[in-house]
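Just so you know, these numbers use all the heavy atoms, side chains as well, and skip hydrogens, waters and symmetry mates.
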Amino acid sequence: MDQLVVLQEIFESFSKGGGPLGSIDSRSITGSCAFQVGRLLESVKRGEIDGELCIKLADCLTDLYELKRLGDICRRAALYDVSLKCYNKALAQSSDPQVRSVLMNNQGQVFARKGDLSRAVLYYKKAAEGFEAAGDASGAAHVLGNLGSAYRRGYDWDRSLENCFKSLKGFEKIEDELGVAQMTGSLGRIYSEMGQLDLSSLYFQRSLKEFERLGDRRNSAWLLNRLGRVEAEMGHWSTSLDHFNRSLAIFQEMDQPHNVGIVLSNMARMYLDRGEVDSARDALEGAMKTIRREMVPVYPNAVSSLAATYAVLARKYRDRNAEGSRLASQHYAMASDRLTELSTFPGVYMPQLKVAAGLSRSLSYIVRLEADPRDAEAVALAERAISALDGAVAKAEGSTKSSLEALQRTLKGMKGIWSMDLMRAEPWKQSVIISEVVEYLMGGARLDGVGSEEARMCLFDALKAIAGMVESVRQRGSGREQMAAAASFLRRAEKRYQMEANGKAWSAPLSQAASKLEGLSANCGDLSGSDPIGLHKQVLRIIGRVLERDILTRVDHTDWIYLWDDAMNLLEQGPATEPGSRKKSKRSSRVEELSEIIPEPEEEERVARNLPPSPLADTPLDGGGALVPVCAGASLASTAAISQQTIHPWSMDRARPWDRAVARDRTWGQEPEIFGSRPGFIRKERERMDEKPLVIEAEPSMREEKGQGIVASGWFERASFTSVAVKAAKVLAAVVLLLLAIDLILYLI
């Protein structure tokens, strides 16, 4: 089988989320690079792409068609530098304006995935100009759609709408019904992101009718998914759920589990907005079974939603009974796992995620402590809770850091309370520990500028009075006055907490603690000779619990949800079940208009080496990224390169990589940017974006001879200079030593 056919099969397998590659024998591949293509085939069968192998294959291939298809495969595999290399080599071999337009568009797609919107726009403009010059109205219409989508990704709504409407008119002029349906859906998406939900729903419905008329079930399902999201944002819950269920049914019938996962994820967000947490958890757990990690932003958004859902459920189970504490602990632990995974996701750098992950892990132990376990178990759980907060404290800043440190001190005090029961036979050790417990709890209460500061200061004064009472009793004193003062301060704290919505639940335990101290003060009179630890351990435990809950109320954001756009820019964050309280990120245009061509380092190296200029020198070799309806193929003017090769009879039709001037592309297994396909078209879904720009540096080779380019004028000369300097220093040192020796001899004489 010819290597071009194999590359085409690999690409189609990527596009469809897997394909019949198992029937292809790598030993039957023919061509100039058959061995490398065979190895690539085997790596794809294993579910991976070998980057080093792709680099070698890009160096080996010389045919325009093969280079283009390898570039497409590497683009899908996020091997952006290799993809650019393939497209550049293909451009160097082509002088056909239409072919160059296709390749420039594909380069734009690579840079779109890198997140450089400005250069992506420049690529698409040049591609559109090339198609218009070649008289390809269809190609120009598609690229204008790409351009409009790039502006949408950059939040430049006016230019986005302008180019999409131009694209729509172009499709209407050539009577391209599918193109019209696609661009109508794209306009709906723009209006949706602009917040104009009524217009968005109108365009989505028009697009849905067109796709249903054309019999395109897959894109009809995507439109239903989009409509479900829009209706949910408008608060039309029943209509939204109906759209989601219809979309799910179609994808399930078509046996597309990855698309089912995307719809389930969006449905879960609707459930969260409604406050139906259990339904949201079921939908998200089902989605996570099918959504692949490379599906961005669907995967990180689903992980974030699931983590927040687990945290909300943990709060729901907390304080019920022993079984509720166990379930709460499990859900906090699962939330911590998801938050930890999210914090390490490529393109996501948010210290608050690590803070939330550490706090969730600590809470998984704290809720078990609230079930009053045995003393030894309680001490072990407290130690784990304290240790889990170390990572959160390290990443936190400002008031959050102070609150977490106060929580750690409070937990250390609580640990001391439980450890006292392990030392009943050694009362002298208990008296030492009680002082440490009070000191730790006072440290937890001493938290300025956060939440119930006045109430905590009352607790601080109560603890100070208890410490004075313990010391008084230790010195054979009464301790009665200090006990009365502690009870008075607890009463003040009770009143302060009663004035707050969150503090009302804590006022009752404080009232019990104050009553106990007041009763002891009235009945005991002289406390000399009594056991102050046994009398006040329960009071200290109540104070510790109140401090713990107070601090957590101020710092616990484990139930927050974080949502990103296609370029992994944070869109909104806030409580999962309170969409009205979420903070949306300010979105301003990120598209800078570029007019100059910016060569890649490879081109700069070519100039440095005095090599002949590349045909690519008049085209931009770096670009910007957006999730756009990218054009993926073209019908080349000449197919001589293909006809000269031996093509397997059964795949003759697949040997031609491009059927028309332009075809929309899609990323394997992700939601389409624009909603259409036709026979011969490569459908496009959402593509993985990487915020980090790709940097390709020309590194000098040690094997190059002196006098040739970068090595001769750069590294080699510096190395030679360094060597001469070292030798000169050695000679100078020898001369100095010789003079010193002569001087010594003369002195001795």
Give me the ring orientation class for Trp157 and Tyr155: parallel if the planes are under 30° apart, tilted from 30 to 60°, perpendicular past 60°.
tilted
Does Leu563 offer a backbone N or O that forms a donor-acceptor pair with the side chain of Ser304 under 3.5 Å?
no
Less than 4.5 Å apart, any side-chain heavy atom of Ser585 and any of Asn569?
no
Under 4.0 Å between a Lys/Arg side-chain N and an Asp/Glu carboxylate O for Glu233 and Arg229?
no
All heavy atoms of Thr340 vs all of Ala357, minimum pair found to be OG1-CB, 3.5 Å
Step by step, would you call Trp237 with Tyr271 a ring-ring contact (aromatic ring centres under 6.0 Å, His included)?
CA-CA 9 Å; Trp237 308 118; Tyr271 283 131; 9.4 Å; no
How close do Asn301 and Tyr562 get, heavy atom to heavy atom, and via which atoms?
OD1-O, 3.9 Å
Between Asn245 and Asp242, do the side chains contain a donor N or O and an acceptor N or O under 3.5 Å apart?
no
For Glu370 and Arg545, run side-chain contact (heavy atoms from CB on, under 4.5 Å): C-alpha distance rounded to whole Å, both residues' side-chain angles, the deciding distance at 0.1 Å, then the answer.
CA-CA 9 Å; Glu370 293 173 352; Arg545 286 273 172 81; 4.2 Å; yes
Side-chain heavy atoms of Asp337 within contact of Arg361, under 4.5 Å:
yes
For Glu253, does the CD atom have more than 12 heavy-atom neighbours from other residues, nucleotides or ligands under 6.0 Å away?
yes
Determine, stepwise, if the pair Asp556 / Arg315 fulfils salt bridge (Lys or Arg N to Asp or Glu O under 4.0 Å).
CA-CA 11 Å; Asp556 184 6; Arg315 290 185 181 180; 3.0 Å; yes
For a 4.5 angstrom cut-off between non-hydrogen side-chain atoms, does Leu363 reach Ile366?
yes
Taking Ser364 for its side chain and Ser329 for its backbone only, find out whether a donor-acceptor pair lies under 3.5 Å.
no
Strictly distance-based, threshold 3.5 Å: is any side-chain N or O of Ser265 a donor or acceptor partner for the main-chain N or O of Gly261?
no
Side-chain heavy atoms of Glu285 within contact of Leu306, under 4.5 Å:
yes
In Å, rounded to the nearest 0.5 Å, how long is the span from OG of Ser247 to CG of Leu224?
5.5 Å
Aromatic ring proximity, centroids under 6.0 angstrom, Tyr299 and Trp564:
no
Could you check whether Glu341 pairs with Arg338 (Lys NZ or Arg NE/NH1/NH2 to Asp/Glu carboxylate O, under 4.0 Å)?
yes
Distance col, row Leu272:CG vs Thr577:OG1, nearest 0.5 angstrom, shows 7.5 Å
What distance do Asn219 atom CG and Leu178 atom CG have between them, rounded to the nearest 0.5 Å?
7.0 Å
Between Met194 and Leu161, is a side-chain contact (heavy atoms from CB on, under 4.5 Å) present by the stated rule, with each step listed?
CA-CA 11 Å; Met194 290 176 66; Leu161 290 171; 4.1 Å; yes
Does a side-chain heavy-atom distance below 4.5 Å link His243 with Asn225?
no
Check Asp565 with Arg587, please: is the shortest side-chain N to carboxylate O separation under 4.0 Å?
no
State whether the number of non-hydrogen atoms from other residues, nucleotides or ligands found under 6.0 Å of Lys395 atom NZ is greater than 12.
no
Show the numbers, then the answer: is there a side-chain contact (heavy atoms from CB on, under 4.5 Å) between Arg368 and Ser325?
CA-CA 6 Å; Arg368 291 175 61 186; Ser325 297; 5.6 Å; no
Is Ser207 reaching over with its side chain to a backbone N or O of Ala181, donor-acceptor style, under 3.5 angstrom?
yes
Min side-chain heavy-atom separation Leu389-Glu405 under 4.5 Å:
no
Keeping Ser160 on the side-chain end and Tyr151 on the backbone end, is there a donor-acceptor pair under 3.5 Å?
no
List the steps and the verdict of side-chain contact (heavy atoms from CB on, under 4.5 Å) for Leu339 and Ser343.
CA-CA 6 Å; Leu339 287 166; Ser343 67; over 6 Å; no
Heavy-atom closest contact (Ile561 atom, Ser305 atom, distance)
CD1-OG, 3.2 Å
Output yes when a side-chain donor or acceptor of Gln256 lies under 3.5 Å from a complementary backbone atom of Phe251, and no otherwise.
no
Is the shortest heavy-atom distance from the side chain of Phe204 to the side chain of Arg189 under 4.5 Å?
yes
Close aromatic pair by centroid cut-off 6.0 Å: Phe111 and Tyr123:
yes
Over all atoms of both residues, closest heavy-atom pair of Ala314 and Ala328
O-CB, 3.4 Å
Can a donor-acceptor pair be found, under 3.5 Å and without considering hydrogens, that links the side chain of Thr400 to the backbone of Ala396?
no
Nearest heavy-atom neighbours spanning Asp566 and Pro297:
OD1-CD, 3.3 Å
Would the distance check show the side chain of Lys401 and the main-chain N or O of Val393 forming a donor-acceptor pair, the cut-off being under 3.5 Å?
yes
Can a salt bridge be assigned to the pair Glu453 and Arg496 using a cut-off of 4.0 Å between side-chain N and carboxylate O?
no
Ion pair check, Asp550 and Arg554, cut-off under 4.0 Å
yes
Aromatic ring proximity, centroids under 6.0 angstrom, Phe171 and His142
yes
Can Arg152 and Glu193 be counted as an ion pair, charged N to O under 4.0 angstrom?
yes
For Arg206 and Glu212, what are the C-alpha separation, side-chain angles and deciding distance, and is it a salt bridge (Lys or Arg N to Asp or Glu O under 4.0 Å)?
CA-CA 10 Å; Arg206 289 180 181 176; Glu212 289 178 339; over 6 Å; no
Check this for me, if you would: do Arg582 and Asp273 make a salt bridge, where the nitrogen-to-carboxylate-oxygen distance has to be below 4.0 angstrom?
yes
Ignoring hydrogens and angles, state whether a donor on the side chain of Glu454 or Tyr497 is under 3.5 Å from an acceptor on the partner side chain.
no
At their closest point, which heavy atom of Ala335 faces which heavy atom of Ala307, and how far apart are they?
CB-O, 3.5 Å
Donor-acceptor pair, Thr309 side chain versus Arg281 backbone, under 3.5 Å?
no
Does Asp278 come within less than 4.0 Å of Lys316, counting only side-chain N to carboxylate O?
yes
Between Ser201 and Gln205: side-chain donor-acceptor atoms closer than 3.5 Å:
yes
Quick check against the 3.5 Å criterion: does Thr290 have a side-chain atom that pairs as donor or acceptor with the backbone of Pro257?
yes
Between Gln109 and Asp72: side-chain donor-acceptor atoms closer than 3.5 Å:
no
Output for pair (Trp560 CH2, Lys583 NZ), nearest 0.5 Å, gives 8.0 Å
When the ring planes of Phe165 and Tyr203 are compared, do they come out parallel, tilted or perpendicular, using 30° and 60° as the limits?
perpendicular
I'd like to check Asp198 versus Met234 (side-chain heavy atoms, cut-off strictly below 4.5 Å). Are they in contact?
yes
